[in-house]
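Everything on this sheet refers to the single structure shown next.
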Amino acid sequence: MTSPLIPVKVSITLLSCAAALTLAACGGSGGDGKPTPKPEPDPLAFYKNQTVNWSDCSRYIAENGPSADFAQHAAKLGDRVQCADIKAPLDYQNPDGLQISVSMLRVKAAEAAETKPNLFFNPGGPGGDGQMNSLLFSMLLSNGNEDSALGRKYKEVGAAYNFVGFSPRGVGASTNIVCVGNELIYPTDDTKWGDGAENIRRLTDIARYTASNCQKNPVADYIHTDATARDMDLMRHLLGDEKFHYYGISYGTWLGFWYAGIFPDKVGPMVLDSNMNFSKSIHNASISYVNGQVHTFKEYVAPYAARHDDVFGMGTSAQSIVDDLNTVGHEVTQALLDTGGSFRAERTVIPGYLSSVKAAIETQKLIGQGKSLNDIEIAFINGGPYFADEALNELFKRRASHLVQRLRMLQDPNFYAEPDLFALDTGGAVWDTVVCNDEPLANKDQAFWIDTGFEQAQTLPIASNRVAKQPCLYWDWKANVAKPSMESLKDAPLLMLQSQFDVPTPLSGAMETFEQLPAAHMVRVQNEGAHGLIVYQTECVDLAVMDHLLGKEPSQRLTECQGKPLPFDDKPEALKASSAGVRAASNFEDPDMAEKLLDSLRKAVER
């Protein structure tokens, strides 16, 4: 749902004075005969005095829920699920100008909801829609099993809060930004071989069109982290909380840091999960993402495959697996980038991702033997087994078939000659707009971004030249916002949650930020690559997180926890001792439903 821009029809100054009359006259004199100083009018009084009109959520769920599961979940909770749109200023520096709409979905606590604080969520992005997170988290935590220590803690947190998800300005059910144009864009070569003049022109065109088509939208200059943080504080005020309670993932950590920097006196329990490096520019994040891909594959994924050569059949040396991957040629690399998905080191996807990598390596070998694509496809169907695990073997054959199909498309002489009209979905539009608005690009040397993109693409075939498409080079920066300093965050009692081999938000950047925040605490999970630890289901991690949400700080500034084993790995001794033979599923009364809810939460994590 796209909400229109609505002009404010009443003078903010008059509204502020009218509101102030309930407390004191606008002017007059005190008991000593001296004039009573006029209170400073609150420029946001109109917005702070609005009534939140909660209503049924069926319309929001039908328009924005990705599956029927959301409707079923909402039906179980009945009238505890509420939705509302609030008005917010388009420009907080000119609040008597145009308005936008910000949409919330709240799940009220089962008991005494009016006395409970509200826990807000952001799943990342920028451009992620967090509205449904409240529904998922509430149902997941309230499903805690009181027969386990973790289950009891989940249930305690589930009962302690109302849960609030919202669509950040620009996406979802809030006022949207649209970036479309009539320019033609052509397919690009995203590999290290794409450094020819024509492909670089295509990459540059995409960057130019992104900037021009997003900035021609009238809301574009007001889609940035500063405005979203102020929207969150407005929601906090309207819901009656003295402090802001928050769970942010990935970009949601950037948003959380920003909020804490501009509203330090309003910081309540805040969990920042999978942390961006707030001590550096947001423009550094696109570079660190690709660096995270390469580092994690070499140091975590390849060693995992090597110690399970009996399953994956890729060799017993991590370096030899990396070397084999680097033999993959031009077209197969492009096909792998197109079909392999965005590489994340998630426990549930690593075996499948390795099947894509192995398919690329084996395809390149067969091409080197002079085999046609038809021959290669038949060989994959009839050959094998390629993996000792039957399910993985079937997955490999599907991934290999998709890879061959993509190669056929790439070899079509017309593939790179057929353009599309430029268009971004709202998530992509908000992503680029926020990144370009949050901070002006310091390095405006086009050659730097192109060279960096192709240097990264040289490292491994799983790394693209994506950094070469830098729209902020062409962005006319008008946002007029200032990122909070690290000094402004020094007293913020934040809890940072971080995995060792996180790809999009690498540990090195999280630690650089953490080391500059003396009042913050961190839970660091070793031998783990998840991006978005959410409800992790080990006591070391989740008891610290849940206790923080309940107002209890960890006893140590840095808590080290052991990650859960990958498939086919033995469980570490530390986890054996802590679980004492109890299955993780016993943390929930309905384990199957809990797994579905967790899967939906993981999918909601944008970046």
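Quick caveat: nothing in here was measured; it's all calculated off a predicted structure.
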Is there a donor in the side chain of Ser586 and an acceptor in the side chain of Asn145, or the other way round, less than 3.5 Å apart? no
Using only heavy-atom distances, determine whether the side chains of Asn291 and Gln456 contain a donor-acceptor pair under 3.5 Å. yes
After noting the C-alpha distance and the side-chain angles of Asp432 and Val435, does the key distance pass the side-chain contact (heavy atoms from CB on, under 4.5 Å) rule? CA-CA 5 Å; Asp432 287 318; Val435 171; 5.7 Å; no
Val503 versus Ala345, closest heavy-atom pair with distance: CG2-N, 4.0 Å
side-chain contact (heavy atoms from CB on, under 4.5 Å) between Val605 and His531, worked out: CA-CA 8 Å; Val605 177; His531 180 64; 3.7 Å; yes
Can you see which heavy atom on Cys472 is nearest to which on Gln470, and at what distance? N-OE1, 3.0 Å
If every non-hydrogen atom of Ile262 is compared with every non-hydrogen atom of Ala229, which pair is closest and at what distance? CD1-CB, 3.9 Å
Leu136/Phe163 under side-chain contact (heavy atoms from CB on, under 4.5 Å): CA gap, chis, key distance, verdict: CA-CA 9 Å; Leu136 297 171; Phe163 292 79; over 6 Å; no
Which heavy atom in Asp190 sits nearest to a heavy atom in Lys469, and how many Å separate them? OD1-NZ, 4.2 Å
Centroid separation Phe312 to Tyr304 less than 6.0 Å: yes
Taking Thr296 for its side chain and Gln293 for its backbone only, find out whether a donor-acceptor pair lies under 3.5 Å. no
Whether Thr191 side chain and Gln334 backbone form a donor-acceptor pair below 3.5 Å: no
Below 30° counts as parallel, above 60° as perpendicular, anything between as tilted: where do the rings of Phe121 and Phe137 land? parallel
Flag the pair Met139 / Met593 as yes when at least one side-chain heavy-atom distance between them is below 4.5 Å, and no otherwise. yes
Does the side chain of Thr513 come under 3.5 Å of the side chain of Asn277 through a donor N or O and an acceptor N or O? yes
Show, in sequence, the C-alpha distance, side-chain angles and deciding distance for Glu528 and Phe501, and conclude whether the side-chain contact (heavy atoms from CB on, under 4.5 Å) test is met. CA-CA 6 Å; Glu528 175 59 65; Phe501 293 107; over 6 Å; no
Atom CZ in Arg307, atom OG in Ser317: separation rounded to 0.5 Å? 13.5 Å
Does the side chain of Arg347 come within less than 4.5 Å of Pro567's, by heavy atoms? yes
Any chance you could measure Leu441, atom CG, to Asn443, atom CG, to the nearest 0.5 Å? 6.5 Å
Rounded to the nearest 0.5 Å, what separates atom NZ in Lys192 from atom CG in Asn326? 6.0 Å
For Tyr247 and Asp273, test the side chains for any donor-to-acceptor distance below 3.5 angstrom and give the result as yes or no. yes
From CE (Met511) to CD (Glu515), nearest 0.5 Å: 5.0 Å
Taking Thr452 for its side chain and Phe448 for its backbone only, find out whether a donor-acceptor pair lies under 3.5 Å. yes
Would you say the side-chain atoms of Asn176 pair up with the backbone N or O of Gly172, donor to acceptor, closer than 3.5 Å? yes
Decide whether Ser281 and Asn284 meet the rule of one side-chain donor and one side-chain acceptor closer than 3.5 Å. no
Where do Asn480 and Gln93 land on the side chain to side chain donor-acceptor pair (under 3.5 Å) test, with the steps shown first? CA-CA 9 Å; Asn480 194 26; Gln93 297 183 36; 3.1 Å; yes
Please determine if Arg557 forms a cation-pi arrangement with Phe514, meaning its NZ or CZ atom is less than 6.0 Å from the six-membered ring centre and no more than 45° off the ring axis. yes
Asn122 CG to Leu272 CG distance, which is reported to the nearest 0.5 Å: 10.5 Å
Indicate yes or no: does Asp265 engage Lys243 in a salt bridge with an N to O separation below 4.0 Å. no
Side-chain H-bond candidate by donor/acceptor type, Asn437 with Trp475, under 3.5 Å: yes
Could you tell me whether the SG atom of Cys214 lies less than 2.5 angstrom from the SG atom of Cys436? no
Between Asp438 and Trp254: side-chain donor-acceptor atoms closer than 3.5 Å: yes
Inter-residue atom distance Leu597.CG - Leu135.CG, 0.5 Å rounding: 8.0 Å
So that I can tick it off, tell me whether Lys483 and Asp226 are bridged by a salt bridge, with the cut-off set at under 4.0 angstrom between side-chain N and carboxylate O. no
Quick one: does His224's side chain get under 4.5 Å of Thr433's, heavy atoms only? no
Test: Arg236 and Glu242 ion pair at under 4.0 Å: no
Would you confirm whether Tyr251, through its side chain, and Gly127, through its main-chain N or O, come within 3.5 Å as a donor-acceptor pair? no
Between Tyr474 and Gln446, is any side-chain donor less than 3.5 angstrom from a side-chain acceptor? yes
For the side chain of Asp502 and the backbone of Ser274, is there at least one donor-acceptor N/O pair under 3.5 Å apart? no
Below 6.0 angstrom between ring centroids: does that apply to Tyr161 and His245? yes
Using side-chain heavy atoms (C-beta onward) and a distance below 4.5 Å, is Thr559 in contact with His521? no
Walk me through whether Asp547 and Lys153 qualify under salt bridge (charged side-chain N to carboxylate O under 4.0 Å, His left out). CA-CA 8 Å; Asp547 279 341; Lys153 191 63 68 172; 2.8 Å; yes
Would you say the side chain of Asp231 lies within less than 4.5 Å of the side chain of Tyr92, judging by non-hydrogen atoms? yes
Side-chain donor or acceptor of Ser134 paired with backbone N/O of Gln131 under 3.5 Å: yes
Under 3.5 Å: donor-acceptor pair, side chain of Thr210, backbone of Ile206: yes
Below 30° counts as parallel, above 60° as perpendicular, anything between as tilted: where do the rings of Tyr259 and Phe263 land? tilted
Beyond-backbone contact of Gln516 with Glu512, side-chain heavy atoms, under 4.5 angstrom: yes
How close do Leu507 and Gln500 get, heavy atom to heavy atom, and via which atoms? CB-O, 3.5 Å
Return yes if a side-chain donor-acceptor contact under 3.5 Å exists between Thr228 and Arg169, otherwise no. no
Aromatic ring centroids of Phe588 and Tyr154 under 6.0 Å? yes
Any donor-acceptor pair under 3.5 Å from Asp129 side chain to Val171 backbone: no
Within the 4.5 Å heavy-atom criterion, are Met132 and Leu105 side-chain neighbours or not? yes
Is the backbone N or O of Ala173 less than 3.5 Å from a side-chain atom of Ser167, with the two atoms forming a donor-acceptor pair by type? yes
Side chains of Tyr353 and Val349: does their closest heavy-atom pair fall under 4.5 Å? no
Any salt bridge between Glu346 and Arg602, counting N to O under 4.0 Å? no
Tightest non-hydrogen contact, residues Ala306 and Ala318, listed as CB-N, 3.6 Å
